[in-house]
Amino acid sequence: MPRYDAKRIEEKWQQYWDEQNTFVTLNSPQAGSKGKMYVLDMFPYPSGSGLHVGHPEGYTATDIVVRYNRMQGKHVLHPMGWDAFGLPAEEHAVKTGTHPAVTTKENIATFKRQLKMLGFSYDWSRELSTTDPDYYRWTQWIFLQLFDTWYDVTCEWTGPDGAQRTGKGRPISELPIPENVVELMSKARTSSPSPPSGGEGRGEGANVASGMSREEAVRRYQDAHRLAYVSEAPVNWCPGLGTVLANEEVIDGKSERGGHPVQRLPLKQWMLRITAYADRLISELDNLDWPESVKLLQRNWIGRSVGAEVDFLVEGRGSKVEGEDNTLDLQPSTFDDWKQQRQASGFPATPEPNVLRVYTTRPDTLFGATYMVVAPEHPLVDQITTDAQRDAVNAYREKAALKSDLDRTDLAKEKSGVFTGAYAINPVNGEEVPIWIADYVLISYGTGAIMAVPAHDERDLEFAQTFDIPVIEVVESGSDEANIGFTGEGTAINSGEYNGLPTAEFKQKITSELNAAGLGRQAVNYKLRDWLFSRQRYWGEPFPIWHELDADGNPTGLMRADEPADLPVLHPHMEDFKPTGTPEPMLSKASPDWLYKTAADGTRLKRETNSMPQWAGSCWYYLRFCDNRNGEFFIDPELEKYWLPVDLYIGGVEHAVLHLLYSRFWHKVLFDRGHLTTAEPFHKLVNQGMILGENNEKMSKSRGNVINPDDVVKDYGADSLRLYEMFMGPLEQVKPWQMKGVEGVFRFLGRVWRMYVDDAADNVVLSDAVQDIPLTEEQERVLHKTIKGVTDDIERLAFNTAISKMMEFTNFFTGVSPRPRAALQPFALLLAPFAPHIAEELWALLGNADSLAYASWPEYDAAKTVEAEAEIPVQFNGKVRCKLRVPQNADKETMQSLAEQNPEVQKHLEGNSVVKVVVVPGRMVNFVVKPN
RNA sequence: GCCGAAGUGGCGGAAUCGGCAGACGCGCUGGAUUCAAAAUCCAGUGUCCGUAUGGACAUGUGGGUUCGAGUCCCACCUUCGGUACCA
C-alpha cells in the first residue's frame, strides 16, 4: 500500500541532490542563462538549541524563489553559512571548559543537518563560518582597511557606479598634514582635545608633554583621523557578561543578552567612525527596494537634524577658581567689544574659553531663550560656576556621574538641575540669561549645551515650570492651540525686527545674519554615534594591531598594524575561559609569546587584547560567498561585479538597524577604497514576520509553547513543514502556529499523491487514471489559470495564495478520471519550489530521468485562462439583485442590452425609472433607479 | 509621549486597479464507506428573519466622497512592534 511516505521520499531525494551536486553553482553562467540572481538568507547564529521554526520561514521563502528562478533559467547564487562567534559558546566554555571552537563545530553540525533535512537547495560548497581562520583573516584585513582610511568630507568624485558624491574614504597616507602638527598634537596630549567628530585621539599618560618629534606628531595626527580609532570614553561595562557593550546592546540599563546590569565606565576602546558616512547612509537608502518602514527606522536611527550653532558670551563675573591658571582671559571684556571682534574674525572653529556654544534646530526662537543649560560633564562648568553655587553644582555633577542612563531616564519625570551662578548674553538682543546645569542635556549630542526656549520646547517648559523661570512666547501657532507649549512652525512674535516672519524664513534669515556677524553658523547633527567596536571576550576576531611600548614597558599610545600577509591573527591557546572579572580583556591572559614581540627596529610591541564584536563577521559575509575559497583576496573583483548586489535578502526585522547599517557602512568604505563596484550591498530586502506559539504568545521555553522543527518533520515531513510555514499567511506578517494547519497541508500532499499514484497497488506506480489524453476546455482553463496564478504569486512573494491555488487545482483534478498527463506533468513542476521532495518523486514517476531542479517552468496562455462567458452581477442602486451570463469580450452596449432583455432584470425594473446605468465591461452592470 | 504595522466568520487568512466580501485551509454538522474505528470521499457551514422563493444586516467605531467602499478621505478606539529628554 504505497501511501504518501514523506520520510522515504525526502531521504531519497536529499541523498540524490547531494550525490549529484545538483545545487552546486559555478561562477560562470550556464549556457543560455537568463542572468544572475543572488538570493540570500540572514545566516544564523548556530545556537546549542538548534533550529527554531522561525528559521525555516525565511529560508523556505528564499528556497521557493531560488528553485523557481532556476527553472526560469536564471543563474542562481544561494549560499548558507554561520555567524558563529559570540557569547553563548564562550559562556559554555566558562562552565564546562570545552573550547568554544569545539562547541561551535558541534552546533554547526546540528544546524547543517537540520537545514539539509528541510531540503533547502543551498550550494553547500560555498559554506563558510565567521570563525574559520580563512574567513576572519579577511575580517581582520577589512579592519585594516578601516584603520588605513580617513574620511575626506570635501572630496568630490564619481564612483564606478557612475554616481557623483561628495565625501570619500581615502588612504591615510593621503591625509593632508597641517603645518603646526607638532604644536597641535603636543597640545592635544595635555589638554582635552576636540577633533572633528567624536572624542577620539586622547593622548596617553600625559607625562611627556613636550619634545614630540614631527614623525610622532604626524602619526598621532593620522591616528586621530582614521575610521578605526581608539577612544577613551564612557562605555557600557557589563560585569555580568564581563564585556563592554554597544549602546544598541543595552536596553533599559540592562544587557540585551542576559539582562545583566550595565555601568558607565571610562575605558580605552576601539571606535569606528560610522558618523562620517551618516549622510550617505541616509541618502543612498532612496534607491533601495526595502520596506519603507525599515528605511524610516534607519533614517530615524541616524537622526540627522539641521540647525545652527550659536555662540553666547559668558559674563565675566565670578568666574575665578581658586588654584592655578584659571584666570579666564576675558580679552573682549564687553559684549560690544566681543561682537566687534567676531565681526572681524568670523565664526571660529572652537569658541573662546569664555564663550558658550549651543546647538539648536530652532534659531528662530532665540528671542525666547530665558535660560541656558549645559550638560553636567561640560568642560566649561568649572570655570563659570560662582563660588556661591560651587558646592551645589559639584554635588549635582557627582550625582549625575554616578547615575546610569537608566536612572537618568527613570528620573525623567522630574526635571532636575542647578544654577551655576553665571550668565550668558543673548547675541540677538544682549539680554542676560542664567546658565544652569541639568542632566536632561546630554554631553554627547550637539555641543553639550542648549539655549532653553520654554515656550516652545516641552522639556524646557517642564524645567522652567519646576524652577520658576520666565517663559516668553515667540512663535504664534496660528491656530486654536496656545502659543505656550507650541512646538510646531508658526509666525514670529516678540522677536524685534523679525516679527511676522514664518518659522522657516526666520530660521534661514537669522542663520545667515548670525553667520555674517561671526556669531553662528548652520550645523548638522546626528543621533548616530560612532560604533564602539571592541569587546573583552575570547571568542571574537583578534585585532591585527600592536601597541608600542616604552623602555618601562608602558604603552606610548602609538600603534602598528599587522602586515596583511601576516593575517590571520589566530587566537592564543587558553585552558581557562573565566572572565578576568575586570574590564581587562580575556586575551590579556594569553601567554607572553602571543602578547609580545620585538619589531625589526627594536621596538617592544604588545598585542591589542580586545576582540571584535559579533557584528564584524556578519558585515561582509555576503561578499565572501561569491568567492569563498579565494586565498589571494577577500573577493575577486570580477565576481563582485558579477554577483553583487544581493538581489533578494530575507531576514528578521530585528536586524533592521544594526546589522543592515553596519554592513552598508563597511560596504561603502570598501567601495570608496576601490575594492567594490557597488555602493549598496542589498538591493531588495524583505522581513519575515515572527511566528508565535499556538497561544498567540512569543515562543519561549518558559511559556512552553516552542515548536521543534525536528518533531514536525518526524510526524509530517519536511515538505509539509515548508508548505505549512508558507501557507500560514503573508510572509511579512506575524502569525500564530497551529498544528492542525500542518495536518491540513499534509492532507493536501496526500491528495496530490493519490492524484498521481495508485495507492491500492503493491508498488509505487502511476495510477491507471493518469492517461495520455487531451485536455477538455475546462481542464485546460484550470491548468492555465493555476500556472498563471502560481507564477504571479511567487513573483510577488505571496506564497500562501500560490498554495491555495494549487489546492484548488488538486480539488478539481482529483475529481476527474481519467486524468490527462498533460495537466499532471506541469503541476509537478509548479509544486516543486514549495514541496521539492514529493515533486521530484512524482516527476520521476511520470517517467522523467533527471531531477526537475532545472526543468523549464511551465508557461501559460493568457487566452486560455478565461472562460468564453462570464457570470456577472447585476446591481440595482449598488445592490446585487441577480446574475447574468455575458460573453467575455462584450462591450458596454452589448452588456447593457443583454441585461435589459433579461426577464429577471425586467422584474426589478418594474415600477422604477432608470436614472443612470453604469457598466464595467466583463465585470458588472449597475442600474441606478428611482421609484415612479 | 513619538514613530511604524495591523484590526474581515468559531480560528489562520483571501479579495493584486473602487466593482459578486469571506477564496484556500482548520474547526464544526450531516452523509457514504466500515463489524467498528482510523484514513478517505460527498454535501453543508458569516449573523438574523422566513417552511421556502427570498430578504435584512455584516470587514474595529463614527462621519464623508462615489452609481458602488474591506479598499479612498477625515476623526476616533483597540492590539502589536520599535523608540525614549538627540535641543
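Chain identifiers are assigned alphabetically (A, B, ...) following the order of the sequence lines, protein sequences preceding nucleic acid strands; residue numbering begins at 1 within each chain.
- Of all nucleotides listed (B:A87, B:C11, B:C20), B:C20 comes nearest to the side chain of A:Val880.
- A residue-by-residue look at A:Glu458 and A:Val734 shows that A:Glu458 has its nearest nucleotide of RNA chain B further toward the 5' end.
- What separates CG of A:Leu366 from P of B:A87 is a distance of 16 Å, to the nearest Å.
- Note on A:Ser293: every side-chain N or O is 4.0 Å or more away from OP1 and OP2 of B:G82.
- At the heavy-atom level, A:Asn800 lies under 4.0 Å from the strands shown only through sugar-phosphate atoms.
- Distance from the side chain of A:Pro736 is smallest for B:G13 among the nucleotides B:G13, B:C85, B:C67.
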- request: Verify salt bridge (charged side-chain N to carboxylate O under 4.0 Å, His left out) between A:Lys295 and A:Glu292, making sure each step is shown before the conclusion.
  value: CA-CA 5 Å; A:Lys295 290 189 185 182; A:Glu292 276 309 313; 3.6 Å; yes

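- Taking every side-chain heavy atom of A:Trp301 into account, B:U83 is the closest of B:G27, B:C3, B:U83.
- Taking 4.0 Å as the cut-off between side-chain N and carboxylate O, A:Lys507 and A:Asp364 do not count as a salt-bridged pair.
- Closest to the A:Val441 side chain, of the nucleotides B:A87, B:C42, B:G81, is B:A87.
- Interface remark: the A:Lys883 side chain does form a donor-acceptor pair with the B:C20 base, using a distance-only criterion of under 3.5 Å.
- Between A:Phe746 and the options A:Tyr4, A:Tyr724, A:Trp753, a ring pair (Phe, Tyr, Trp, His ring centres under 6.0 Å) holds for only A:Tyr4.
- Taking the charged nitrogens against the carboxylate oxygens, A:Glu867 and A:Lys785 have no contact shorter than 4.0 Å, which rules out a salt bridge.
- Looking at A:Lys788 and A:Asp792, a side-chain N of the basic residue comes within less than 4.0 Å of a carboxylate O on the acidic one, giving a salt bridge.
- For A:His908, the side-chain atoms get nearest to B:G55 when compared with the rest of B:A23, B:C20, B:G55.
- Close to B:G13, at under 4.0 Å from its OP1 or OP2, lies a side-chain N or O of A:Gln733.
- Looking at the side chain of A:Arg3, the nearest of the listed nucleotides B:A39, B:C57, B:G13 is B:A39.
- The residue A:Gln875 sits close to a base: some heavy atom pair falls under 4.0 Å.
- Base orientation of B:G9: syn, since the glycosidic angle falls within 90° of 0.
- For the pair A:Glu489/A:Phe506, no side-chain contact is recorded, criterion being any heavy-atom separation below 4.5 Å from C-beta on.
- For B:C17, the glycosidic angle deviates from 0 by 90° or less, giving a syn base.
- If you check every strand for non-hydrogen atoms under 4.0 Å, A:Asp460 touches nothing.
- Both tests do not hold together for A:Lys527 against A:Tyr445: distance to the six-membered ring centre under 6.0 Å, angle to the ring axis within 45°.
- Which of B:A87, B:G81, B:G12 sits closest to the side chain of A:Tyr359 comes down to B:A87.
- Here A:Met924 lies in heavy-atom contact (under 4.0 Å) with a base.
- For the P atoms, the distance from B:G13 to B:C3 is 27 Å, rounded to whole Å.
- If you check distances only, the side chain of A:Lys415 does reach the base of B:C85 with a donor-acceptor pair under 3.5 Å.
- Between A:Arg751 and the phosphate of B:C41, there is a side-chain N or O to OP1/OP2 separation shorter than 4.0 Å.
- Counting any heavy atom pair closer than 4.0 Å across all strands shown, A:Ile450 reaches a base atom.
- When distances are taken from the side chain of A:Arg881 to each of B:A39, B:G55, B:C24, the shortest belongs to B:G55.
- Atom pair A:Glu732:CD and B:G12:C1' shows a separation of 17 Å (rounding to whole Å applied).
- Across every strand in view, B:A75 sits in a pair with B:U61 that passes the Watson-Crick or G-U test at under 3.5 angstrom.
- For B:G27, one of the phosphate oxygens OP1 or OP2 lies less than 4.0 angstrom from a side-chain nitrogen or oxygen of A:Lys740.
- Residue contacts shown for A:Val745 are absent, as no nucleic acid heavy atom lies under 4.0 Å away.
- Distance from the side chain of A:Pro730 is smallest to B:A14 among B:A14, B:A87, B:G19.
- Remark: the A:Lys805 side chain and the B:U16 base include a donor-acceptor N/O pair separated by less than 3.5 Å.
- Closest to the side chain of A:Ser804, out of B:C20, B:A23, B:C85, is B:A23.
- Comparing A:Gly729 and A:Ile872 by the nucleotide of RNA chain B whose heavy atom lies nearest to each, the residue mapping closer to the 5' end is A:Gly729.
- A:Glu743 comes within 4.0 angstrom of nothing in the nucleic acid, heavy atoms only.
- Using a 4.0 Å heavy-atom criterion, one finds that A:Arg747 contacts the sugar-phosphate atoms exclusively.
- Within the 4.0 Å cut-off from OP1 or OP2 of B:C80, not a single side-chain nitrogen or oxygen of A:Asn696 is found.
- Counting any heavy atom pair closer than 4.0 Å across all strands shown, A:Ser444 reaches no nucleic acid atom.
- Among the protein residues, A:Gly741 comes within range of no part of the nucleic acid, since none of its heavy atoms lies under 4.0 Å from any strand.
- Spacing between B:A23 and B:C11 at atom P, rounded to whole Å, works out to 15 Å.
- Following rounding to the nearest Å, A:Tyr4 (OH) and B:U40 (P) show an atom-to-atom distance of 14 Å.
- Contact check on A:Glu57 versus A:Lys735 returns a salt bridge, with a Lys/Arg side-chain nitrogen under 4.0 Å from an Asp/Glu carboxylate oxygen.
- As rounded to whole Å, 16 Å separates atom P of B:G12 from atom CD1 of A:Ile707.
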